[in-house]
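For reference, the structure discussed in these notes is given below.
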Amino acid sequence: MRGSLPPATLPGGPARYAFFLDIDGTLIRFAVSPGRAYVDPWLLEILRVLHDAAGGAVALVSGRTVESIDRLFSPLRFAAAGQHGAERRTAAGAIQRHAPQAARVEAVRRCVMAWADGVDGLLVEDKGICVAVHYRQAPQREFEVRGALERCRERAGGAFAVQPGKMVFELRPAATDKGTAIRDFMAESPFSGRVPLFLGDDATDEFGFAAVNALGGHALKVGEGDTMAGWRVPDVGAARAWLASILGRVSPDAEWSGGEPKG
Ligand SMILES: [Mg+2]
């Protein structure tokens with residue numbers, strides 16, 4: 001376990017930084033299913049303020065599809081990486097997709113669907129490139145789900161990786177992750193030349209933490225668990241309070257009075 005409390009203000013102000021933000025478990029609490037998640041007006045407002053303060057250098061980096069991200073944050077549209085980096089929309093609006101061959105994507109999808117059909121308590125989420133199996137309603141099935149996805153991964157000949165998450169296992173393209181997405185953003189305007197900062201809560205976010213660490217930035221882990229992030233806050237409420245704090249605002253949940261400024 002690493003990670004000290006982040007400072008209440010950012011040295012040099014938000015305009016020096018590029019902000020990369022995971023969504024579920026970081027900015028919003030987990031819902032029963034991803035489709036039931038909800039972004040409250042306060043969060044929309046704080047992200048709008050952050051976007052302005054950071055000169056547009058704000059990207060949402062999620063396991064969701066970019067389409068699902070847009071629906072969640074409507075009417076706002078941010079630069080976004082979806083499906084753990086397999087798809088990306090730049091700040092200029094260009095779409096990039098890094099999908100394995102269509103036949104492999106289809107084979108993986110069929111394999112997962114065929115296995116999960118008829119297994120109680122599972123929610124299969126077909127995202128187009130990635131396919132996720134949520135077992136939040138059947139936590140006793142954790143090892144069963146992982147085993148099935150490993151078998152489906154083997155059939156795809158190394159094009160996919162099994163990505164664990166909170167109450168979910170997912171097959172994502174092996175060539176992309178949240179770290180590759182952040183590196184791609186950092187090569188482009190308005191992100192390039194800034195200090196990258198990434199907030200995330202889950203195993204998939206460790207790729208992003210590694211990327212920002214390597215780029216001289218800062219990683220902030222939300223919640224418990226081993227991490228390579230240098231900073232940590234205890235929960236979603238604290239992550240939101242910290243974001244408010246660096247913008248000179250106060251969150252309705254809590255006021256952030258965390259650690260001392262550094263670097
Ligand atoms: Mg998350």
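Indexing begins at 1, ligand by ligand and atom by atom, following the structure's order.
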Inset, instruction - Mind reading off the angle at the Mg ion (ligand 1) between the OD2 atom of D22 and the O atom of D24, rounded to 10°? - result: 90°
Legend entry - Name of the D201 atom (N/O/S only) found closest to the Mg ion (ligand 1): OD1
Legend entry - Short side-chain donor-acceptor distance under 3.5 Å, T65 and E87: no
Legend entry - Other residues, nucleotides, ligands: >12 heavy atoms within 6.0 Å of R136 CZ: yes
Inset, instruction - Would you indicate whether E150, at its atom CD, is surrounded by more than 12 heavy atoms from other residues, nucleotides or ligands within a distance under 6.0 Å? - result: yes
Inset, instruction - State whether D202 contributes an N/O/S atom found under 2.8 Å from the Mg ion (ligand 1). - result: no
Legend entry - Working for ring-ring contact (aromatic ring centres under 6.0 Å, His included), residues F198 and F19: CA-CA 6 Å; F198 180 44; F19 293 86; over 10 Å; no
